[in-house]
Structure formats: structure tokens, C-alpha cells
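Per chain, numbering begins at 1; letters A, B, ... match sequence-line order.
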Protein chains: 2
Amino acid sequence: METDAVFRALADPSRRALLDRLFARNGQTLMELCDGLAMSRQAVSKHLGILEEATLVTAVKRGREKLHYLNPVPIAEIADRWIGKFERARVKDLVAFKTQLESPEGDTE
Amino acid sequence: METDAVFRALADPSRRALLDRLFARNGQTLMELCDGLAMSRQAVSKHLGILEEATLVTAVKRGREKLHYLNPVPIAEIADRWIGKFERARVKDLVAFKTQLESPEGDTE
DNA sequence: TTGACATGCAACCAAACGGTTGCCTATAGT
DNA sequence: ACTATAGGCAACCGTTTGGTTGCATGTCAA
């Protein structure tokens, strides 16, 4: 897996927002994903292209539309292979504790 | 936590390499971290500044040196709060896929 | 105290990035 | 057949980014 492409794709808040939207409802078209965002269709299309290149999003053409699907596997791989090595065990309890302290609701972003 | 700063800090391969180095041996000085990298000292210093701003690295001055320490908490928090939900999505999808395999007609509920 | 060493600061530069606009292609609906 | 709709492509633009160089500051050691 090209780890770098995944990290760079995740670096932009608009792209993370797009992943959030696909997480909320999978298989959306470009137009649907544009809806409500303060960006041109072409900007969203570029972001989706970057997400596709990082294999975080898979797209299927259906007629004149293009349906976009979230692929969480690369993220999970990063969590497993890269983040996991940073002393997951030692920190796990601390995170749970800190999370509870900071915001019982938890922020998604 | 400023999630965005962490994601942006992680987006650069040189910075991830620096985290790797600190993971291998914690508490290194700027000079030590420069060693072997094809970059000027100032470039490394900038990277460390960005990592510090993202709270991924903590630094302590000791005399004329500055010791850098890896702080894995922000990474673990991301894994927990943000990546975790996509992992759950993956599990869900796998379950759905498996269900469909087992009963192609779909469940009657 | 003088010189070497570790780091900080600021200006500068090319390249990448996020976004726009304009135009083109293909499919759907009437 | 014609028109509206969904999307793609490419040029362009301002800002950020990753890097450099030059100089300043602070600290150790002789």
C-alpha cells in the first residue's frame, strides 16, 4: 500500500469531510457529495480523485452518474501497521481516560 | 485536540521518519536527528517545530541542547476516535457481505 | 575570555496545493 | 432529434509548503 498517498489524502479537512459523508451514506454521486459544501463541483471532483488514488474511495459508473464508496481498509491498515507500533498498549488506557475527561460526547473531527 | 494539525503533521514522509527515529530512540537532540538525513539542520528544525505544534513531539532544553521526545497520545487519539469508526464500518460491511453470501435473497426482515 | 558548538530566526525560492473558470463529452428524458 | 444533466479535462491563480542560505543568540570548554 502506498502509505504516503493515504496520509496526504487524509491531511485535508475537506477530504476528511467527504469521507465522513460517505461514511454517513455510502454510494453517493458527485452531485450529492457537492450538496451543501462551499466548493465548486470541480473542487470536490479533484478531492475525490485524490481519495481514489489513495484507494480510500472506490467509484463505479452507473449511466451518467458515478457512485462513490468508502473503502476503510487503507485507514485500518495504517491504524494496524503504523500507528499500532507507537506503544498502543502503553497508551490505550491513558487515551480512554483522557477522552472521558475532555468530552463525554467526543468530537469527530 | 487540534485534529487538523496532527493530520497535517503526519502528511509529510520526512516528519513520519522523524517520529520513527524518536520511536527507535527517544530524547534525541536536533543534531542527532539530523544525522544521516539528506536535509539541512534548519529543515529538520522546521519539521520538529511542526511536530511540536501538533503535540506529537515534546522538547526539553538541556543546556545548549534540546532533547526531543515522542508523544504518541495524539496518534492514539486519532486511531481511537476517528480511524476507529471507519474500522467499525469495515467490520459492518464485512458482516453485510458475509450475510449476503450466505443468503443471496437477503434477509426477510 | 575566547572560540567552538547547538540552536533560533528571517528572508527567500521553487514546487505543490486548493481552488476557480471555461469548455468538452456522454447519457437521460421528452 | 433536442435539451438538460452528470461528469471530465485543462489552464490558470493565489497561498502554502518544504527547502535553502545567512546571520544572531546562547552555552560549554580551554
Side-chain angles (χ1 to χ4, degrees), chain A residues 2-22 24-71 74 109, chain B residues 2-22 25-71 74:
Chain A
E2 311 104 30
T3 309
D4 193 57
V6 179
F7 272 113
R8 263 189 290 107
L10 290 177
D12 186 86
S14 303
R15 286 193 286 269
R16 294 198 299 276
L18 285 172
L19 293 182
D20 282 338
R21 284 178 157 238
L22 286 180
R25 187 162 64 84
N26 217 357
Q28 294 188 63
T29 69
L30 174 57
M31 282 305 180
E32 288 171 328
L33 288 169
C34 282
D35 193 56
L37 293 189
M39 245 190 303
S40 71
R41 170 181 62 84
Q42 289 81 353
V44 176
S45 179
K46 272 195 188 180
H47 282 306
L48 288 172
I50 291 172
L51 289 170
E52 283 185 57
E53 214 168 294
T55 70
L56 284 163
V57 161
T58 313
V60 182
K61 287 198 68 174
R62 189 189 59 184
R64 63 181 161 182
E65 317 186 294
K66 194 173 171 189
L67 307 182
H68 299 81
Y69 294 90
L70 174 66
N71 176 23
E109 245 289 300
Chain B
E2 310 105 29
T3 309
D4 192 58
V6 179
F7 271 114
R8 262 189 292 108
L10 290 176
D12 185 86
S14 302
R15 286 192 287 270
R16 293 198 301 275
L18 285 172
L19 293 182
D20 282 338
R21 283 176 156 240
L22 286 180
R25 186 162 65 84
N26 218 357
Q28 295 187 63
T29 69
L30 174 58
M31 281 306 182
E32 289 171 328
L33 287 169
C34 283
D35 194 55
L37 294 189
M39 247 190 301
S40 71
R41 171 181 61 84
Q42 289 82 351
V44 176
S45 179
K46 273 195 187 178
H47 282 307
L48 288 172
I50 292 172
L51 289 170
E52 282 186 58
E53 214 168 295
T55 72
L56 284 162
V57 161
T58 313
V60 182
K61 286 199 66 173
R62 189 187 61 183
R64 63 181 162 184
E65 315 184 297
K66 194 173 171 189
L67 307 182
H68 299 82
Y69 295 90
L70 174 66
N71 176 24

Without decimals, in angstroms, what is the distance between [X] [atom1] and [N] [atom2]?
| X | N | atom1 | atom2 | result |
| --- | --- | --- | --- | --- |
| B:D12 | D:dG19 | CG | C1' | 11 Å |
| A:L48 | C:dG19 | CG | C1' | 15 Å |
| B:F7 | D:dT16 | CZ | C1' | 20 Å |
| A:E53 | C:dA16 | CD | C1' | 14 Å |
| B:M31 | C:dC5 | CE | C1' | 7 Å |
| A:I50 | C:dG19 | CD1 | P | 9 Å |
| A:K66 | C:dT27 | NZ | P | 14 Å |
| B:R8 | D:dT15 | CZ | C1' | 13 Å |

Worksheet item: Step by step, would you call B:M39 with B:S14 a side chain to side chain contact (heavy atoms under 4.5 Å, CB included)?
Response: CA-CA 9 Å; B:M39 247 190 301; B:S14 302; 4.0 Å; yes
Worksheet item: Nearest to the side chain of A:T29 - D:dG7, C:dT7, C:dC17?
Response: D:dG7
Discussion item. Nearest to the A:S14 side chain among C:dG19, D:dG18, D:dA6, which nucleotide is it?
Written reply: C:dG19
With [X] via salt bridge (charged side-chain N to carboxylate O under 4.0 Å, His left out) - residues at least two apart:
| X | value |
| --- | --- |
| A:D4 | A:R8, B:R16 |
| B:E2 | none |
| A:E52 | A:K66 |

Worksheet, complete the sentence: Residues in residues 33-46 of chain A with a heavy atom under 4.0 Å of DNA chain C, by number, are A:M39, A:S40, A:Q42, A:A43, A:K46
Discussion item. For B:R21 and B:L37: C-alpha separation, side-chain torsions, deciding distance, then whether side chain to side chain contact (heavy atoms under 4.5 Å, CB included) applies.
Written reply: CA-CA 11 Å; B:R21 283 176 156 240; B:L37 294 189; 3.9 Å; yes
Quick test: give all pairs of protein nitrogen or oxygen and nucleotides 27-30 of chain D nitrogen or oxygen below 3.5 Å, distance rounded to 0.1 Å.
from	atom 1	to	atom 2	distance (Å)
D:dT27	O2	B:R64	NH1	3.4

Worksheet entry | Polar side-chain atom of A:H68 near backbone of A:A59 as donor-acceptor pair, under 3.5 Å | no
Discussion item. I need the minimum non-hydrogen distance between B:L67 and B:G27, along with the two atoms involved.
Written reply: CD2-O, 3.6 Å
Practice prompt. Show your reasoning for whether side chain to side chain contact (heavy atoms under 4.5 Å, CB included) applies to B:L70 and B:L19.
Written response: CA-CA 7 Å; B:L70 174 66; B:L19 293 182; 3.6 Å; yes
Worksheet item: For the helix from C:dT1-D:dA30 to C:dT30-D:dA1, what angle lies between the axis at the first five pairs and the axis at the last five pairs, to 10 degrees?
Response: 20°
Practice prompt. On DNA chain C, check which nucleotide each of B:H68 and A:R15 is closest to and give me the residue with the more 5' one.
Written response: B:H68
